[in-house]
Amino acid sequence: MVSKPPTEDVDEADLEVSAPKDWAAGIPGVAVSLRRGVEQMGLVRTARTLRLLNQREGFDCPGCAWPEPHGHRKVAEFCENGAKAVAEEATRRRVGPEFFAEHPVSELAERTDYWLGQQGRITHPVLLRPGATHYEPVDWSTALRVVADALRGLDSPDEAAFYTSGRTSNEAAFVYQLLVRSFGTNNLPDCSNMCHESSGAALAETTGIGKGSVTLADLTEADLIVVVGQNPGTNHPRMLSALEEAKGNGATIVAVNPLPEAGLLRFKNPQNARGVLGGGTALADEFLQIRLGGDQALFQAVGNLLLRWEDEAPGTVLDRDFIDGRCEGFADYAAHVRALDWAEVDTATGLDRAEVERVARLFAGSERTVVCWAMGLTQHKHSVATIREIANVVLMRGMIGKPGAGLCPVRGHSNVQGDRTMGIWEKMPEKFLAALESEFGVAVPREPGLDTVGAIRAMRDGRVKVFMAVGGNFVAAAPDTAVTEAALRSCALTVHVSTKLNRSHVVHGQTALILPVRGRTERDTQDAGDQFVTVEDSMSVVHRSQGRLAPASDMLMSEVELVCGLGRELFGDAHPVPWVELARDYDLIRDRISRVVPGCADYNARVRQPDGFVLPHAPRDSREFTGTRDDRAVFTANPLTVLRVPEGRLLLQTMRSHDQYNTTIYGLDDRYRGIKDARRVVLVNPDDLAALGVPDGAAVTLVSEWAEDPTGTTERRAADFRVVSYPTARGCAAAYFPEANSLIPLDSTAEGSNTPTSKSIVIRLEV
Ligand SMILES: Nc1nc2c(c(=O)[nH]1)N[C@H]1C(S)=C(S)[C@@H](COP(=O)(O)OP(=O)(O)OC[C@H]3O[C@@H](n4cnc5c(=O)[nH]c(N)nc54)[C@H](O)[C@@H]3O)O[C@H]1N2
Ligand SMILES: Nc1nc2c(c(=O)[nH]1)N[C@H]1C(S)=C(S)[C@@H](COP(=O)(O)OP(=O)(O)OC[C@H]3O[C@@H](n4cnc5c(=O)[nH]c(N)nc54)[C@H](O)[C@@H]3O)O[C@H]1N2
Ligand SMILES: [Mo]
């Protein structure tokens with residue numbers, strides 16, 4: 001059976017709405033993943049590919065960063081959405097030279113992201129010359145020479161920026177940052193800047209390490225799990241199995257979200273008979289339908305109540321030994337939170353005080369608490385303060401560095417955490433940079449580089465002229481679409497290392513290159529034989545990943561090979577980094593990693609163990625906080641931010657549907673939310689619609705308003721949206737990313753992480 005041809009462009013007039021579901025997964029989930037697989041890959045390839053997904057001898061799922069269980073793995077250790085991610089990559093559809101000859105760039109620029117992504121895998125490197133109408137095939141040596149010449153022609157290395165998306169393997173990330181720093185800049189923006197940067201900033205400051213402290217076992221041993229600002233039913237479906245297991249062990253689960261997300265309410269596990277046939281497991285015991293951005297107030301309120309109850313019955317609530325022995329800043333924090341203004345909590349959260357109190361009681365009574373969160377917490381103006389507030393509550397009860405307890409930021413891209421470990425960060429610490437210098441004998445710069453928002457500003461202002469990306473879809477993922485597009489168009493050269501066609505290929509610099517690479521699922525054969533790569537999941541487990549499928553085309557390079565090829569072209573054979581040798585045998589890269597990257601000693605041997613190894617994490621391993629200034633965990637007093645929305649306006653979040661992977665659109669249905677055949681929709685509470693006098697189903701333009709915009713652009717518009725009456729929290733609205741990205745002002749970012757405020761934009765509906 002062959003794969004189906006891609007779909008034609010979409011007609012959103014087909015929108016159908018039904019009641020949102022209150023359960024996730026189960027048989028429909030499995031059926032959808034198989035159908036998508038067969039459409040893209042055919043039957044035999046689907047079966048062969050899915051058999052290797054997340055198995056020890058197979059490849060790591062290119063979907064999310066959720067960890068695999070140690071020891072026993074199920075035959076099907078993947079979820080519906082992981083299978084869709086694999087089908088996207090292992091598709092038999094191809095975008096070759098004929099495709100580019102047939103379609104001028106101007107025509108491709110008119111297509112939707114969905115259409116572009118559906119065309120298939122790119123098979124040849126292609127070049128768009130200045131003024132040309134079409135991309136044309138080029139050989140690899142010409143392609144790499146174009147990049148190297150442009151880089152050498154710059155007045156300063158800081159006139160180039162090098163983006164990374166979080167699918168890049170550890171080996172590719174390591175050689176890429178080495179190339180960029182050897183070239184002389186720290187301009188390494190990445191998708192993390194738009195994702196968990198706020199978590200990294202808050203956790204590094206309070207616990208000394210910007211990563212989560214729990215293992216998968218902790219989650220299943222917890223007696224209280226609080227899931228805040230996360231939609232695991234869609235974005236981390238395998239997490240539901242862990243929640244179900246925890247529930248079976250007696251855990252209480254609290255969901256904090258403006259939306260009643262299906263996966264949090266009830267889960268039908270496709271891996272057991274009860275899930276397939278029965279009603280499934282009810283997951284959340286408490287659902288706090290919070291207002292967007294209200295979480296900081298909620299956690300301050302919990303802190304306030306814990307202090308009050310401790311006063312009423314001293315010695316029963318706070319973990320005094322832990323606070324006195326391991327922490328600092330408690331007195332200031334306690335004084336600050338005791339003075340909490342409850343009226344502000346009411347406004348910020350929109351919750352009943354009784355609900356808040358019930359949840360605070362759960363915190364007070366639990367012996368093993370885990371708090372999990374994702375983008376619902378990280379993409380607000382006050383995100384860093386919000387996550388510090390979670391740390392405060394966790395520290396008060398000593399809920400870190402013991403079984404069943406801890407902080408759990410759930411990462412997005414499958415290797416986003418590993419890329420950071422390997423040095424993809426615009427401000428790596430001195431220790432890492434010095435180790436890199438002494439290992440390779442190259443000089444690397446110390447001046448911090450540009451992050452994502454900084455890079456867009458620099459391109460807009462003509463300070464960055466060459467933009468290169470390994471993976472991702474920068475134009476569509478970044479905020480303020482019009483500004484970002486203009487920024488990219490003003491570059492002399494844009495270079496995209498990609499597997500599939502996307503918007504960033506058609507919004508290009510004067511000269512543009514698309515350099516196609518092999519993906520996770522594919523065999524990577526180099527001179528020294530078949531290679532594997534390594535990745536790190538959300539819980540700091542590092543393990544190997546090896547694709548087995550034949551590559552989509554014999555013209556494809558691996559990412560490692562491409563980066564090393566560029567290194568050789570740029571620096572020549574006399575350079576102290578042996579670029580050619582490193583690409584021949586990835587063990588040689590891993591030897592270097594073992595000497596440069598903290599915690600990676602003996603890397604080659606340890607990644608060959610069946611389940612890999614776990615990176616050290618002082619708070620988790622020994623309740624030590626060696627990364628902080630005084631080797632103590634830090635309580636922080638944070639002024640409360642209440643997002644105030646003018647009369648007649650709503651607070652908009654931009655989120656993922658069930659049928660997309662970030663900017664890659666798989667289909668037009670958001671099954672659990674009851675939305676069918678459309679993406680340009682805005683979900684609004686029925687009472688708000690009544691108050692605004694906007695009927696359900698109305699065609700509207702979304703207008704974002706930001707009076708403080710330093711550029712003077714106070715309004716941004718997104719036309720042709722349809723209103724859907726939906727049970728979201730009052731005063732809040734939701735639309736999909738990336739369609740709504742044009743509404744997010746470039747300069748509206750989180751304090752302390754510079755992450756775009758994608759989850760709280762003030763809008764009005766224009767009928
Ligand atoms: N299938 C699939 N899997 C994915 C992805 C994908 O696109 N598709 N993307 C991957 C990536 S890169 C990431 S980062 C993760 C993202 O995973 P999520 O963070 O789950 O993704 P979002 O869709 O942005 O969902 C945000 C959730 O937070 C809630 N929320 C929004 N604002 C607030 C708030 O102010 N407070 C609270 N309490 N809740 C709020 C929303 O209602 C929604 O449920 O998923 C990863 N996995
Ligand atoms: N409004 C709004 N904006 C957001 C968010 C939001 O919630 N709301 N979320 C933010 C978040 S959390 C993130 S992580 C970013 C995501 O930003 P990105 O990581 O930049 O975007 P993706 O859509 O994941 O990138 C998809 C592209 O990656 C390429 N690709 C896929 N696999 C491979 C591979 O193996 N190798 C290579 N070289 N390329 C590959 C394909 O060409 C594909 O088109 O978006 C951010 N933007
Ligand atoms: Mo992400």
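Counting from 1, the numbers follow the sequence of the chain as shown. Order of appearance sets the numbers: ligands from 1, and atoms from 1 within every ligand.
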**Report entry** Partner of Glu739 under salt bridge (Lys or Arg N to Asp or Glu O under 4.0 Å), chosen from Arg656, Arg680, Arg503, Arg679
**Finding:** Arg679
Query raised in the report: Just heavy atoms, cut-off under 4.0 Å: does Met655 contact ligand 2 by side chain, backbone, both, or neither?
Result: neither
Report summary line: Under 4.0 Å between heavy atoms, the region of Asn502 that gets near ligand 2 turns out to be side chain
**Report entry** Sub-4.0 Å atoms of ligand 1 with respect to non-hydrogen atoms of Gly293
**Finding:** 34 (C), 35 (O)
Which heavy atom of the protein is the closest neighbour of [atom], given with residue, atom name and distance?
| atom | result |
| --- | --- |
| atom 47 (N) of ligand 2 | Ala477 O, 2.8 Å |
| atom 11 (C) of ligand 2 | Arg656 NH2, 3.4 Å |
| atom 18 (P) of ligand 2 | Tyr163 OH, 3.5 Å |
| atom 28 (O) of ligand 2 | Gly472 N, 3.1 Å |
| atom 42 (O) of ligand 2 | Lys500 O, 2.8 Å |
| atom 20 (O) of ligand 1 | Asn231 N, 2.8 Å |

Query raised in the report: Are a donor atom and an acceptor atom from the side chains of Thr494 and His508 found within less than 3.5 Å of each other?
Result: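 On atom types as modelled, these side chains do not qualify, holding no pair under 3.5 Å.
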Query raised in the report: Are Asn754 and Thr749 linked by a side-chain donor-acceptor pair shorter than 3.5 Å?
Result: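 Judged by distance alone, the side chains do pair up.
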Requested in this report: Return yes when Lys84 approaches ligand 1 closer than 4.0 angstrom through a heavy atom, no otherwise.
Outcome: no
Query raised in the report: Out of Asn415, Asn473, Thr664, whose heavy atom is nearest to atom 21 (O) of ligand 2?
Result: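 Among Asn415, Asn473, Thr664, the closest heavy atom to atom 21 (O) of ligand 2 belongs to Asn473.
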Report task. Determine whether the side chain, the backbone, both or neither of Leu292 has a heavy atom under 4.0 Å from any heavy atom of ligand 1. Result -> both
Requested in this report: With sequence neighbours left out, write down each residue that passes ring pair (Phe, Tyr, Trp, His ring centres under 6.0 Å) with Tyr163, or none if nothing qualifies.
Outcome: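 Counting only residues at least two positions away or on another chain, Tyr163 forms a ring pair (Phe, Tyr, Trp, His ring centres under 6.0 Å) with Phe474.
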